[in-house]
There are 2 protein chains.
Amino acid sequence: MFSKSTGYALRATLYIAQKGTEDHKIGIDDISKAIGSPRSFTAKILQLLTKNNKIIHSTTGPHGGFYMTEKAKNLPVRAILQAMGEDGLLDRCILGLAECSEKRPCPMHSKYKIIKTQLIGLFETETINQLASDIQSGKVFMKLK
Amino acid sequence: MFSKSTGYALRATLYIAQKGTEDHKIGIDDISKAIGSPRSFTAKILQLLTKNNKIIHSTTGPHGGFYMTEKAKNLPVRAILQAMGEDGLLDRCILGLAECSEKRPCPMHSKYKIIKTQLIGLFETETINQLASDIQSGKVFMKLK
DNA sequence: ATAATAAAAGACAATTTTATCTTTTATTAT
DNA sequence: ATAATAAAAGATAAAATTGTCTTTTATTAT
Ligand code: FES
Ligand code: FES
């Protein structure tokens, strides 16, 4: 569905939401180990999330690291996709046409749009901290390998 | 969702299903113009579809080109994904975990699986010629640009 | 047989995505 | 002030995807 990068972004954000607070920040080393992603590459991705949409925050230096504000934790998961520039993917034509629209629908459109609506709804209604607390409950998981 | 290649594969196949019969084969030039895809690249992709799963057939020489048997036209659209090796995509974890399973579900799993089931069902139940005839009815479209 | 046609096959190139490594900058604690 | 820490920034590289171009092979019609 999404790119590897966006997968890392989603999982890293959920991890930070779980463990990172303003007075207990999480280092990139911890994060990349926890979610099973390449360290430096993940660092780049987190920079996007701090700059573009301020989903996560970071500080340098000792005791520095990544964390999220309570406000940001209440954002829908979709906000992460937006920060990664992959939000549009949810709206795309499943057959790869330039755009998915009612005006020039592809042969899959009428049936796919119902699914698409649910998909967008899912990313729109689920919040980052809902998912994060589900992980902490121990019933769901997030490590790659 | 799918790669560009798979998009071309889907659209090319639907075009061939519409226009190509054993005594009126369709040339790669015609196909790539019709669906708005790079000619030579599309040719490669069609080779996969002829070799791997025999979804489409082809002959060389004058009056040669691509066509489909009636049997193949009754295949589900999913068969095209399979031939392209992207069938697994439908089953993948939306957060990018190594596998999507009930045993180690990600935090999106329980809600996503309902959508996923519909998605797989859609590709499984829609047949190539159903979509192709919808295109011929003129109500739906398939050109990239 | 020969020429013409069209896909198959192969070589290569451009682009995008993913990944690694090094240097710099900001912050903290001593 | 200085050393230590950790992210930011930058440079570079590997891998995968997408795209182009040329040559070969198979088929048809003359
Ligand atoms: S136009 Fe193809 S899914 Fe909407
Ligand atoms: S495990 Fe993530 S969607 Fe099933």
Side-chain angles (χ1 to χ4, degrees), chain A residues 1-13 15-16 19-20 22-33 35-52 54-68 84-86 88-89 96 144-145, chain B residues 1-13 15-16 19-20 22-33 35-52 54-68 84-86 88-89 96 144-145:
Chain A
M1 181 90 226
F2 304 111
S3 66
K4 270 186 156 187
S5 293
T6 296
Y8 298 152
L10 288 164
R11 305 208 303 280
T13 303
Y15 185 74
I16 295 164
K19 308 255 180 163
E22 182 140 19
D23 50 281
H24 182 72
K25 292 158 196 146
I26 307 290
I28 184 64
D29 227 56
D30 185 352
I31 295 166
S32 60
K33 268 172 197 153
I35 68 170
S37 67
R39 189 199 132 105
S40 292
F41 190 58
T42 308
K44 291 267 141 100
I45 289 163
L46 293 185
Q47 285 178 43
L48 295 176
L49 298 180
T50 56
K51 269 194 286 189
N52 296 359
K54 294 177 180 174
I55 288 171
I56 62 178
H57 289 255
S58 68
T59 64
T60 59
H63 302 293
F66 298 89
Y67 67 99
M68 291 182 75
M84 291 298 292
E86 283 201 18
L89 224 77
L144 188 61
K145 42 172 186 181
Chain B
M1 180 90 228
F2 303 111
S3 66
K4 270 185 156 187
S5 294
T6 295
Y8 298 151
L10 289 163
R11 304 207 306 277
T13 303
Y15 185 74
I16 295 164
K19 307 255 179 162
E22 182 140 20
D23 51 279
H24 183 73
K25 292 157 196 146
I26 307 291
I28 185 63
D29 228 56
D30 185 351
I31 295 166
S32 60
K33 268 171 196 152
I35 68 170
S37 68
R39 188 200 133 104
S40 293
F41 190 58
T42 308
K44 293 265 142 103
I45 290 163
L46 293 185
Q47 285 177 43
L48 295 176
L49 298 180
T50 56
K51 271 194 285 189
N52 296 0
K54 294 174 178 174
I55 288 170
I56 61 178
H57 289 255
S58 67
T59 63
T60 59
H63 302 292
F66 298 89
Y67 67 100
M68 292 181 75
M84 291 299 291
E86 284 202 17
L89 225 78
L144 188 62
K145 46 174 181 177

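None of the values given here were measured: they were computed from a predicted structure.
- Looking at the side chain of B:Lys44, the nearest of the listed nucleotides D:dA8, C:dG10, C:dA19 is C:dG10.
- Side-chain atoms of B:Ser5 lie closest to D:dT18 of the nucleotides D:dT18, C:dA7, C:dT18.
- Residue A:Ser40 places its side chain closer to C:dT20 than to any other of D:dA8, C:dT20, D:dT20.
- In this structure, D:dA3 forms a base pair with C:dT28, meeting either the Watson-Crick or the G-U wobble geometry with both donor-acceptor distances under 3.5 Å.
- Of the listed nucleotides (D:dT20, C:dT20, C:dT5), C:dT20 has the atom at the smallest distance from the side chain of A:Pro38.
- Atom NE2 of A:His57 is separated from atom C1' of D:dA8 by 16 Å (rounded to the nearest Å).
- Looking at which nucleotide of DNA chain C each of B:Phe66 and A:Lys25 is closest to, the 5′-most match is held by B:Phe66.
- C:dT27 atom P lies 18 Å from atom CG of A:Asp23, rounded to whole Å.
- A pairwise comparison of heavy atoms in B:Arg39 and B:Asp29 identifies NH1-OD1, 2.5 Å as the closest pair.
- In this structure, B:Glu86 places its CD atom 8 Å from P of D:dT18, rounding to the nearest Å.
- OP1 or OP2 of D:dG19 has at least one side-chain nitrogen or oxygen of B:Lys4 nearer than 4.0 Å.
- Side-chain contact between B:Lys44 and B:Leu48 is absent, with no heavy-atom pair separated by less than 4.5 Å.
- Separating the CD1 atom of A:Ile26 from the P atom of D:dA7 is a distance of 10 Å, rounded to the nearest angstrom.
- Comparing D:dA9, D:dA7, D:dT5 by their closest approach to the side chain of A:Pro62 singles out D:dT5.
- The side chain of B:Tyr8 contributes no N or O atom lying less than 4.0 Å from OP1 or OP2 of D:dT18.
- For the residue pair B:Thr42 / B:Ser32, no side-chain donor-acceptor distance below 3.5 Å is found, with atom types taken as modelled.
- Close to C:dA7, at under 4.0 Å from its OP1 or OP2, lies no side-chain N or O of B:Thr50.
- Shown here is A:Lys19, whose NZ atom has no more than 12 heavy atoms of other residues, nucleotides or ligands within 6.0 Å.
- Per the geometry, CZ belonging to B:Phe41 stands 15 Å off C1' belonging to C:dG10, to the nearest Å.
- In terms of heavy-atom proximity, A:Thr50 sits nearest to A:Ser58 at CG2-OG, 4.0 Å.
- Here the P atom of nucleotide C:dG10 and the CG atom of B:Leu48 are 14 Å apart, to the nearest Å.
- Across the protein-nucleic acid pair, A:Tyr67 atom OH and D:dA6 atom C1' stand 14 Å apart, rounded to whole Å.
- Comparing C:dT20, D:dA9, C:dA7 by their nearest atom to the side chain of A:Lys51 picks out D:dA9.
- Where B:Thr6 and B:Thr59 each meet DNA chain D at their nearest nucleotide, the meeting point lying more 5' is that of B:Thr6.
- For the pair B:Gln47 and C:dA9, the criterion of a side-chain N or O lying under 4.0 Å from OP1 or OP2 is met.
- Atom CD1 of B:Ile31 is separated from atom C1' of C:dA6 by 11 Å (rounded to the nearest Å).
- If you check C:dA19 for Watson-Crick or wobble pairing at under 3.5 angstrom, you find it paired to D:dT12.
- You'll find that the side chain of B:Thr60 is closest to C:dA7, out of C:dT28, D:dA11, C:dA7.
- Residue A:His63 places its side chain closer to C:dA29 than to any other of D:dT20, C:dA29, D:dA9.
- Not a single donor-acceptor pair under 3.5 Å links the side chain of A:Glu86 to the backbone N or O of A:Thr6.
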